[in-house]
Engineer: 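Before I ask anything, here is the structure I am working with.
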Amino acid sequence: MAKRELGKAFEPAAAEKRLYEYWLKNNYFHAQDESEAPAFSIVIPPPNVTGMLHMGHALNNTLQDIIIRFKRMQGYNTLWMPGMDHAGIATQNVVEQQLIKEGTSRHELGREKFIARVWEWKEKYGGVIINQLKRLGCSCDWERQRFTMDKGLSNAVREVFVRLYNEGMIYQGDYIVNWCPRCHTAISDLEVEFKQDQSFLWNIRYPFADGQGEIVVATTRPETMLGDTAVAVHPNDERYKDKIGKYVILPLMNKKIPIIADDYVTMDFGSGAVKITPASDPNDFAMAQRHNLEIIAVIDGNGFINENGGVYKGQDRYEARKNVVDDLEKGGYLVGTEPYAHNVGQCYRCKTDIEPMVSKQWFVKIKPLAKQAIAAVVKDKTKIIPKTWEATYFEWMNNIRDWCISRQLWWGHRIPVWYCENCKKVIVATVDPDKCPDCGGTSLKQDEDVLDTWFSSALWPFSTLGWPKETKALKTFYPTSLLITGFDILFFWVARMMMMGLYVMKDVPFKHVYLHALVRDEKGEKMSKSKGNSIDPLLMIDQYGTDAFRFTLAAYTAQGRDVRLSPERIEGYKFFVNKIWNASKLTFTNLEDFDESATLNVADSLPDIWIKARLNRAIEEITLSLDEYRFNDAAAAVYRFIWHELCDWYLELSKPVFYGKGAPEKRQAAQKTLYVVFQTMLQLLHPFMPFLTEELWQVLRGSDKDSIMVSKFPVIKEEWINEAAEKEMEMIMEIITSVRNIRGEMRIAPSQKLNVLISAADEQTSKIIEHGENYILNLANLESMKVEINIIEPKGVATAVIGSTKIFVPLAGIVDISGEKARLEKELAKISKDLEQSSRKLANRDFRAKAAPEIIQKEEDKLKDFQKKFATLENALKKLKGLSA
RNA sequence: GGGCGGGUAGCUCAGCCGGGAGAGCGCCACGCUUACACCGUGGAUGUCACAGGUUCGAACCCUGUCCCGCCUACCA
């Protein structure tokens, strides 16, 4: 085998670039539309076209790439479908800001030109995140990349809209919606964020129209009283029973409004009477519909009082609040003001207070869709992982309200509805009509609104595969196998994909949904730009390399737990990368003269057999963990195998053989083992650390061979299973560790060679230990080792015990024996505690009567062990005291 | 108001279908042994939030309490 040179350290930046290009060039990321191999597919949660890679993306896409690479190596025809979302409000905002800087506006430009500008912006600046995903190592099938505003996806949107409309699932009407006075659009219930606000509760007196007394109402929004059209009380409220149907005078507006009765009113809140403003409150709106109340809007789309607000017209809603309160007070209508904490809805995008407003909007009738989506999860057609999220999913789906899908924006899928200006006919069509089907008129006007961005995202799992065309890709990859996303968009996106997938495709969009947690800072706070605590993933990649970064994310991704990240943690895994790099250097040096094809007649050594048995266990654990999306467990298993088994033990045990201190055939056997184990280790690690493993794989096997990413993921090899060897090795390792312990505790210089006497309980153990003599001599740094059966403890030794095996280290002439006393006493204290606990347990009659027999047996074995150890140590201590006395 | 998750070593967290408290980092001691000081070897460290209960036995199961997150909700 050729000589291989590795530099002093892995250089991520250069290697990452080179290897990613190599993968692309060889088309490894590409999935086949048709294949013999079983399909495995994931659609990416499409990032916003305006987006920059943040930690959430980094985590989300790292996890996807780990699974995709794992499955690809397992031989699946693997598709990772990438793409982006047009992000209506966000993108429109970005371009509008640009226009403002240029001293113009979208209104000056006009709709068509504005949209052209957005496209221009998209081509020029949009989608930087795609290149950032590449730096993360994502193995997406880039040839298939989609954008929600693409022609194909836009067709899908229209097709679904028309279908829903024709089946009576979409309707238009004047309803109260969440209106953002800054974005000038309606938003869905989900897009409203509630924030607690320290405000006041104003108590206002409404006099009866007949002059007989008054009724007091409380409100957090006094300015809305301008639009009050009733006062409501509970029908069973004795205080007001006789007042129902009477009228009060609305202060400031000097208007008669009725007192009505409705169950919605809580009797014991405030005075038990509530003012009703149907145009400014969703509950009041609902009540107005029940009671046929007048609906008077007093606040306009900008958040200003309109012409219905009398003298307050033209005032901003907060200014009007102040003035209304002042005037109420002046007029003697204000009964009192009390501090009050309540929730205020804000626009998720711009944090402006939402103004509930009545306007004409499009809605999707959602209950029938939700019903199917619930059933699919109940029947396990789609599995939500971790399962705890199912409850949340059901809770939301069961209480879902109709989805407002129209947005008063320009950037987005324009609603495919046209109005004939001649005969008022409403035309709903997938292709732009040129004349009215009824009257033939050609003066058609398209609905001004666009659809909620999530409407198109909801179709993502099938629209990206070519639907409504019946493509091969759709047939092969739908339903997709898995969706990986953050729990924060369970409702926004996952739930809606479930509903649309079932409605359109008659099948679930994915079989598994893995919901991961949020990335937080080391204090557990959500990362955000405004808090200034966000960590830039690209900076981390620059500093520590993609592999270390990815591994950190995986290692901290425990189900149902947030990922707390800090640069120090990533640095820790950079050390791991370095460790692997150096182990590779050692490996490659020792494999220089290795001939892969040579046949060997020499048997494997114990470490050879052992490391393969351990490798088997690592394969099993990693595979199982990844199958169950336990990323942290999988990462820990790789880490432990590489560092604590391969590096700490196998490489150390094998050094003498490699350095030629034995027969050449033994060296060849070790080389063969190392060659196999090292390759397998790289394969296991590949999903986590794609770059490092590819680099090493190619150096090890020669770069003319295939990439590691298309090699076969390791499976357990029957012939490697060897429990006996694991036990034997464990014995030897324990002996080495106990001598090291004595050395450390007794402060014996590492350079000081020791002689050791070992007392084995039986012939078999004695053989095992003798078998491992060379390993023990080397790793415990001994001059000599002697094993006998049941020898009497010599004088002047330090003693260690492993079960029935005793290890004696003569200290005469090496170190003052008095230190051993303290060491033994410490050990004795520890063991006597265990001993006491165990014997107490066994002395308990109930324990003997009720515990499982194998547990009792185990406990008895334990006790015997403790007793032996205790006796040995005690004996040693006695001897020591006798000696020094 | 309802729901979910969490409170285990100085820090971040595993362990939780009940039977000898773990990892990583940090800390202490020793060591430049021909892959690695981004390292090696050894060591110290915990009334497993609190209070009850079930059990032969509880970090793990049950009940309650206290904190900390998050989600959800129309009490004006």
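Keep in mind that what you see is a predicted model, and the values were worked out from it rather than measured. Within every chain, numbering begins at 1; the chains are lettered A, B, ... in the order of the sequence lines, protein sequences first and strands thereafter.
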Engineer: Taking Watson-Crick (N1-N3 plus N6-O4 or O6-N4) and G-U wobble (N1-O2, O6-N3), each under 3.5 Å, can you produce the dot-bracket string of RNA chain B? Use [ ] for crossing pairs and | for inter-strand ones.
Structural biologist: ((((((((.[[[[.)...(..]]]].(((((.......))))).....[[[[[..)....]]]]])))))))....

Engineer: At 4.0 Å (heavy atoms only), tell me whether Thr266(A) reaches a base, stays on the sugar-phosphate, or touches nothing.
Structural biologist: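 Base contact.
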
Engineer: Using the C1' atom on both, measure rU12(B) against rG26(B) and round to a whole Å.
Structural biologist: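 Straight-line distance between the two C1' atoms is 11 Å.
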
Engineer: For Phe847(A) and rC56(B), give me the distance from atom CZ to atom C1', rounded to whole Å.
Structural biologist: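 Rounded to whole Å, this separation is 7 Å.
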
Engineer: Just do the side-chain contact (heavy atoms from CB on, under 4.5 Å) check on Ile736(A) and Asn778(A) with the steps written out, would you?
Structural biologist: CA-CA 9 Å; Ile736(A) 292 166; Asn778(A) 259 303; over 6 Å; no

Engineer: Output all residues satisfying side-chain contact (heavy atoms from CB on, under 4.5 Å) with Ser280(A), sequence neighbours left out; order by chain, then residue number.
Structural biologist: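 Once residues adjacent in sequence are excluded, the partners of Ser280(A) under the side-chain contact (heavy atoms from CB on, under 4.5 Å) criterion are Thr224(A), Thr277(A), Ile299(A), Glu355(A).
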
Engineer: Using whole Å, what does the distance between atom C1' of nucleotide rA76(B) and atom NE2 of His342(A) come to?
Structural biologist: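 The answer, rounded to whole Å, is 10 Å.
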
Engineer: Establish, with yes or no, whether the OP1 or OP2 oxygen of rA23(B) is under 4.0 angstrom from a side-chain nitrogen or oxygen of His644(A).
Structural biologist: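 Indeed not, no polar side-chain atom of His644(A) lies that close.
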
Engineer: Taking protein heavy atoms under 4.0 Å as touching, what does nucleotides 36-43 of chain B look like 5' to 3' if B marks base contact, S marks sugar-phosphate-only contact and - marks none?
Structural biologist: B-BSSSSS

Engineer: Which whole-number value in Å describes the distance from Asp228(A) CG to rA76(B) P?
Structural biologist: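 Result: 16 Å.
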
Engineer: Tell me what Tyr264(A) touches on the nucleic acid: a base, only sugar-phosphate, or nothing, going by heavy atoms under 4.0 Å.
Structural biologist: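 Base, at least one base atom sits under 4.0 Å.
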
Engineer: What integer number of Å spans the P atoms of rG24(B) and rC68(B)?
Structural biologist: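 It works out to 32 Å between them.
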
Engineer: Once you apply a heavy-atom cut-off of 4.0 Å, does Phe394(A) come out as touching a base, just sugar-phosphate, or nothing?
Structural biologist: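 Result for Phe394(A) = nothing.
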
Engineer: I'd like the C1' distance from rG43(B) over to rA9(B), given in whole Å.
Structural biologist: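 Each nucleotide's C1' atom is 14 Å from the other's.
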
Engineer: Between Glu859(A) and Lys862(A), does at least one N-O distance fall below 4.0 Å, as a salt bridge requires?
Structural biologist: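 A salt bridge is present here (some side-chain N lies under 4.0 Å from a carboxylate O).
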
Engineer: Among residues at least two apart in sequence or on other chains, which ones pass side-chain contact (heavy atoms from CB on, under 4.5 Å) with Ser625(A)?
Structural biologist: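 Ser625(A) satisfies side-chain contact (heavy atoms from CB on, under 4.5 Å) with Glu621(A), Arg630(A), Asp633(A), Ala634(A) only.
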
Engineer: Using atom C1' in both nucleotides, what's the gap between rG22(B) and rA44(B) to the nearest angstrom?
Structural biologist: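 Here rG22(B) and rA44(B) have their C1' atoms 16 Å from each other.
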
Engineer: Looking at residues at least two apart in the chain, or sitting in another chain, which of them share a side-chain contact (heavy atoms from CB on, under 4.5 Å) with Arg401(A)?
Structural biologist: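 So Arg401(A) forms a side-chain contact (heavy atoms from CB on, under 4.5 Å) with Asp189(A).
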
Engineer: Base, sugar-phosphate alone, or nothing: which one does His234(A) contact when heavy atoms must sit under 4.0 Å apart?
Structural biologist: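 Counting heavy atoms under 4.0 Å across all strands, no contact is made by His234(A).
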
Engineer: With no hydrogens and no angle check, just 3.5 Å: does a side-chain donor-acceptor pair link Asn582(A) and Asn578(A)?
Structural biologist: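 Yes, because at least one side-chain N or O of Asn582(A) sits under 3.5 Å from a partner of the opposite role on Asn578(A).
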
Engineer: Can you work out whether Ala341(A) or Tyr556(A) has the more 5'-proximal nearest nucleotide on RNA chain B?
Structural biologist: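 Here Tyr556(A) is the residue nearer the 5' end.
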
Engineer: Parallel, tilted or perpendicular, judged at 30° and 60°: which one describes the rings of Phe491(A) and Trp396(A)?
Structural biologist: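 Correct class here is parallel.
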
Engineer: For Val265(A), which contact category applies under a 4.0 Å heavy-atom criterion: base, sugar-phosphate, or nothing?
Structural biologist: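 Answer is base: heavy atoms of Val265(A) come under 4.0 Å of a base.
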
Engineer: Expressed as a whole number of angstroms, how long is the span from Phe487(A):CZ to rG6(B):C1'?
Structural biologist: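 Interatomic distance, CZ of Phe487(A) to C1' of rG6(B): 13 Å.
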
Engineer: When rounded to the nearest Å, what value does the distance between C1' atoms of rU65(B) and rC74(B) take?
Structural biologist: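 Comparing C1' positions in rU65(B) and rC74(B) gives a spacing of 31 Å.
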
Engineer: What contact category does Arg640(A) fall into here, base, sugar-phosphate, or nothing, at under 4.0 angstrom with non-hydrogen atoms?
Structural biologist: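 Nothing, no heavy atom under 4.0 Å.
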
Engineer: Which value, in whole Å, describes the distance between the P atoms of nucleotides rC27(B) and rC11(B)?
Structural biologist: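 The same atom, P, in both gives a distance of 15 Å.
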
Engineer: Please determine, for the side chain of Phe491(A), which listed nucleotide (rU72(B), rC70(B), rG5(B)) has the closest atom?
Structural biologist: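 The closest nucleotide is rU72(B).
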
Engineer: Scan Asn343(A) against the nucleic acid and name what it touches under 4.0 Å (heavy atoms): base, sugar-phosphate only, or nothing.
Structural biologist: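 Base contact - Asn343(A) has a heavy atom under 4.0 Å of at least one base atom.
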
Engineer: To the nearest Å, give me how far apart OH (Tyr659(A)) and C1' (rU33(B)) are.
Structural biologist: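 About 10 Å, once rounded to whole Å.
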
Engineer: What's the CG-P distance between Leu565(A) and rU12(B), to the nearest Å?
Structural biologist: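 Taking atom P of rU12(B) as the reference, CG of Leu565(A) is at 14 Å.
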
Engineer: What is the separation between atom CG on Asp846(A) and atom P on rU55(B), rounded to the nearest whole Å?
Structural biologist: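 Those two atoms, CG and P, are 11 Å apart.
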
Engineer: Are any of the side-chain nitrogens in Asp281(A) or Arg221(A) under 4.0 Å away from the carboxylate oxygens of its partner?
Structural biologist: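 No, Asp281(A) and Arg221(A) are not salt-bridged.
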
Engineer: Which whole number of Å gives the distance between the C1' atom of rC56(B) and that of rA73(B)?
Structural biologist: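 Looking at atom C1' only, rC56(B) and rA73(B) are 48 Å apart.
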
Engineer: Quick check for you: among rG19(B), rC56(B), rA76(B), whose closest atom lies nearest to any side-chain atom of Lys850(A)?
Structural biologist: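 Ranking rG19(B), rC56(B), rA76(B) by closest atom to the Lys850(A) side chain puts rC56(B) first.
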
Engineer: Rounded to the nearest Å, what distance is computed from the CD1 atom of residue Ile400(A) to the C1' atom of nucleotide rU72(B)?
Structural biologist: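 Taking atom C1' of rU72(B) as the reference, CD1 of Ile400(A) is at 14 Å.
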
Engineer: Whether the Asp228(A) and Tyr206(A) side chains hold a donor-acceptor pair (N or O, under 3.5 Å, no angle test) is what I'd like checked.
Structural biologist: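 Judged by distance alone, the side chains do pair up.
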
Engineer: Using the test ring pair (Phe, Tyr, Trp, His ring centres under 6.0 Å), find all partners of Tyr514(A) that sit at least two apart in sequence or belong to another chain.
Structural biologist: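 Listed in chain order: Tyr629(A), Phe631(A).
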
Engineer: Between Glu827(A) and Arg823(A), is there a side-chain N and carboxylate O pair less than 4.0 Å apart?
Structural biologist: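 Salt bridge between Glu827(A) and Arg823(A), a charged N being under 4.0 Å from a carboxylate O: no.
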
Engineer: Between rC48(B) and rA58(B), how far apart are the C1' atoms? Round to whole Å, please.
Structural biologist: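 Comparing C1' positions in rA58(B) and rC48(B) gives a spacing of 11 Å.
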
Engineer: Give Ala852(A) one of three labels, base, sugar-phosphate or nothing, depending on what nucleic acid heavy atoms sit under 4.0 Å from its own.
Structural biologist: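 Base, at least one base atom sits under 4.0 Å.
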
Engineer: Counting side-chain heavy atoms from CB outward, which of rA35(B), rC56(B), rA76(B) is closest to Asn844(A)?
Structural biologist: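 It is rC56(B).
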
Engineer: Of all the choices, rA76(B), rA35(B), rA29(B), which nucleotide is nearest to the side chain of Arg747(A) once you look at every atom?
Structural biologist: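 The answer is rA29(B), which lies nearest to the side chain.
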
Engineer: Checking Glu191(A) against Ser188(A): is there a side-chain donor and acceptor pair closer than 3.5 Å?
Structural biologist: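 There is such a pair (donor and acceptor under 3.5 Å, judged by atom type) between the side chains of Ser188(A) and Glu191(A).
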
